Amino acid sequence: MVRTISAWVRHLILAPFGWRRDFAPSVLGQIETAIAASEKSHGGEIRFVVEGALPGRALWRKVDPRERAVRVFSDLRVWDTERNTGVLIYVNWADRDVEILADRGYNALVHAGEWEAVCAAMETHYRVGRFKSGSLAGVEGVARVIALHFPPGDHNPNELPDRPVVL
């Protein structure tokens with residue numbers, strides 16, 4: 001992955017301030033509410049992470065958003081659910097990139113194209129500055145995919161926090 005000068009500027013100068021406008025506390029609260037409501041309709045767990053920009057070291061090492069999402073998935077222990085049904089929605093604000101990572105419980109059930117369609121829909125919103133609607137559409141899209149394969153059961157604990165994480 002080649003990093004251009006404009007990418008460095010986006011990550012190191014613009015992102016530390018710009019993402020706060022698009023993911024204000026009220027927006028993060030609405031995302032949290034949407035996650036909590038969606039988890040009543042399926043047996044999965046959703047974690048939503050917004051990273052304004054990649055850290056300087058990750059930029060220097062040319063870490064791509066997918067690699068970063070894998071690291072975040074591990075660090076937040078999204079894999080640590082009883083039925084292996086955790087899903088991470090990772091947003092890199094500086095690049096307007098979305099990555100969705102699902103735990104191994106989905107491997108044989110969900111085609112990668114289903115997750116990619118949700119990412120593409122979110123990125124379409126983000127490119128025109130609609131971060132709240134794109135994020136809520138992403139939570140809804142992920143919930144729809146999960147519900148097809150893991151409907152809620154009698155035992156449906158909330159195993160991961162619903163509050164979005166900001167890195």
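Quantities reported herein were computed from a predicted structural model and do not represent experimental measurements. Worth knowing before you read on, the calculation uses all heavy atoms, side chains too, and leaves out hydrogens, waters and symmetry mates. Position 1 is the first residue of the sequence, and the numbers go up from there.
Of the possible donor and acceptor atoms, none in the side chain of D103 sits under 3.5 Å from a partner among the backbone N and O of G105. R66 places a side-chain N or O within donor-acceptor distance of the main-chain N or O of I100, the cut-off being under 3.5 Å. One N or O on the side chain of E123 and one on the backbone of V98 form a donor-acceptor pair closer than 3.5 Å. Remark: side-chain polar atoms of N156 are paired, donor with acceptor, to backbone N or O of H42 under 3.5 angstrom. Under the 3.5 Å distance criterion, the side-chain polar atoms of E39 are left unmatched by any main-chain donor or acceptor of A36. Under the 3.5 Å distance criterion, the side-chain polar atoms of Q30 are left unmatched by any main-chain donor or acceptor of L136. Here the side chain of R83 pairs no donor or acceptor atom with the backbone of G44 at under 3.5 angstrom.
In plain terms, the two heavy atoms of E67 and D64 that are nearest each other are N-OD1, 2.7 Å. In this structure, T81 and V78 approach most closely via the heavy-atom pair CG2-O, 3.9 Å. Among all heavy-atom pairs drawn from G43 and I146, the shortest one is N-CG2, 4.4 Å. Here the closest non-hydrogen pair linking S38 and V139 is OG-CG1, 4.2 Å. The two residues P152 and S41 come nearest to each other via the heavy atoms CD-O, 3.3 Å.
Atoms CZ and CG, on R68 and D75 in that order, are 7.5 Å from each other to the nearest 0.5 Å. Going from atom OG1 of T85 over to atom NE2 of H149 covers 12.5 Å, rounded to the nearest 0.5 Å. The structure places CZ of F48 at 4.0 Å from CD1 of I31, a figure rounded to the nearest 0.5 Å. With rounding to the nearest 0.5 angstrom, the CG atom of L160 is 10.0 Å from the CD1 atom of I35. The CD atom of E51 sits 11.5 Å away from atom CZ of R71, with the distance rounded to the nearest 0.5 Å.
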May I have the step-by-step check of side chain to side chain contact (heavy atoms under 4.5 Å, CB included) for Y126 and D22, ending in yes or no? CA-CA 10 Å; Y126 289 175; D22 296 324; over 6 Å; no

Checking side chain to side chain contact (heavy atoms under 4.5 Å, CB included) for the pair L88/V49: CA distance, chi angles, key distance, verdict? CA-CA 7 Å; L88 172 70; V49 173; 3.5 Å; yes

Begin from the C-alpha positions of N158 and E45 and carry the test side chain to side chain contact (heavy atoms under 4.5 Å, CB included) through to its verdict. CA-CA 7 Å; N158 190 10; E45 294 291 319; 3.0 Å; yes

CA sep, side-chain torsions, deciding dist, call: I89, M122, side chain to side chain contact (heavy atoms under 4.5 Å, CB included): CA-CA 10 Å; I89 302 172; M122 291 176 72; 3.7 Å; yes

Could you walk me through whether R144 and E140 pass salt bridge (Lys or Arg N to Asp or Glu O under 4.0 Å), step by step? CA-CA 6 Å; R144 214 175 16 256; E140 182 181 304; 3.2 Å; yes

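Using a 4.5 Å cut-off on side-chain heavy atoms (C-beta onward), F131 and V50 make no contact. Considering only heavy atoms from C-beta on, P164 stays 4.5 Å or farther from F23 through its side chain. Side chains of L28 and E32 form no contact here, defined as non-hydrogen atoms less than 4.5 Å apart.
The distance between the ring centers of F73 and Y90 does not fall below 6.0 angstrom.
In terms of hydrophobic clustering, with Ile, Leu, Val, Met, Phe, Trp and Tyr side chains grouped at heavy-atom distances under 4.5 Å, L109 and V87 are assigned to a common cluster.
In this pair, Y106 and W115 present their aromatic rings perpendicular. The plane angle is above 60°, beyond the 30 to 60° band.
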